[in-house]
Amino acid sequence: MKKILTGISGLLVLSFLFTACYNDNEYDLYPFSNTCDSSNVTYAQTIAPMMISNCNVCHSTTIATGNVVTDNYDGLSTIAKNGKLWGCVNRDPGFLPMPDGEAKLAGCDLGKIKKWINAGSPNN
Ligand code: HEC
C-alpha cells in the first residue's frame, strides 16, 4: 500500500512538472514581476482602457469586425467567456492573432486580462 501511494504521488509530481513546462509563456513564468502591478484589476479601470488602446478601432459597436465587439461589457464578456479573447491575445494555435497586424500585447497586459477572465470576467 505504501509503495502504491508513493508511486501515485510520484506521478502527480511528474505531471505537475510537465504541465509547468507546457505552459511556459511569459505570463506564467513571471506573473507578478516588480514592474507589473496586477492588483486591483477591474473591467472599468484596467480592461476597458486596454480595449480602447488596442481593439476598439476594429471592434466597436459601430464597426464590429467579425461580429466582435470590445467597446462595451456585453460584447467583451461574450468573447471572454467563449475563450476567444484569451486565445486571440495570447496567440494560441487555432485563434486569429490579435490585435490584427500589431505586436502581441505586453506580458503584463496579458496577465491582467488573464486575471480578469479567471475571476469570471466581472463587470466591475
Ligand atoms: C486592425 C484591426 C483589428 C484590431 C486592432 C483588432 N482586431 Fe480582432 N479582428 C480583426 C479582424 C479583421 C478579424 C477577423 C474577422 C473575420 O474575418 O471574421 C478579427 C477577429 C477577432 C476575433 C474573432 C476571432 C475568431 O476566431 O472568431 C476576436 C475575438 C478578436 N478579433 C479580438 C480582438 C481583440 C481582443 C483585439 C485587441 C487586443 C483585437 N481583436 C484587435 C481586426 C482587428
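Counting starts at 1 for both ligands and their atoms, in listed order.
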Engineer: Would a 4.5 Å heavy-atom cut-off, applied to side chains only, mark V89 and F95 as touching?
Structural biologist: no
Engineer: Keeping waters out of it, list the protein N, O or S atoms under 2.8 Å from atom 8 (Fe) of ligand 1.
Structural biologist: H59 NE2, M98 SD
Engineer: Any chance you could measure C88, atom SG, to I113, atom CD1, to the nearest 0.5 Å?
Structural biologist: 11.0 Å
Engineer: Report the residues that fulfil side chain to side chain donor-acceptor pair (under 3.5 Å) with D109, sequence neighbours left out, ordered by chain and then residue number.
Structural biologist: none
Engineer: Under 4.0 Å from a heavy atom of N54: which atoms of ligand 1 are those, numbered in the order shown and with their elements?
Structural biologist: 5 (C), 37 (C), 41 (C)
Engineer: With atoms numbered from 1 as shown, which atoms in ligand 1 lie under 4.0 angstrom from a non-hydrogen atom of V89?
Structural biologist: 35 (C), 38 (C)
Engineer: Atom 35 (C) of ligand 1: which protein heavy atom is closest, and how many Å away?
Structural biologist: L85 CD1, 3.5 Å
Engineer: Can you tell me if N40 has over 12 outside heavy atoms packed within less than 6.0 Å of its CG?
Structural biologist: no
Engineer: Can you name the residues that form a side chain to side chain donor-acceptor pair (under 3.5 Å) with S60, not counting sequence neighbours?
Structural biologist: T62
Engineer: With heavy-atom distances below 4.5 Å as the criterion, would you say the side chains of D37 and K112 are in contact?
Structural biologist: no
Engineer: Considering only protein heavy atoms, which is closest to atom 27 (O) of ligand 1, and at what distance to one decimal place?
Structural biologist: K84 NZ, 2.9 Å
Engineer: Just by distance, do the side chain of N54 and the backbone of M50 share a donor-acceptor pair under 3.5 Å?
Structural biologist: yes
Engineer: Which residue pairs pass the side chain to side chain donor-acceptor pair (under 3.5 Å) test with at least one member in residues 64-83, sequence neighbours excluded?
Structural biologist: N56-T70, T61-D71
Engineer: Among all the protein's heavy atoms, is there at least one whose distance to atom 17 (O) of ligand 1 comes out below 4.0 Å?
Structural biologist: no
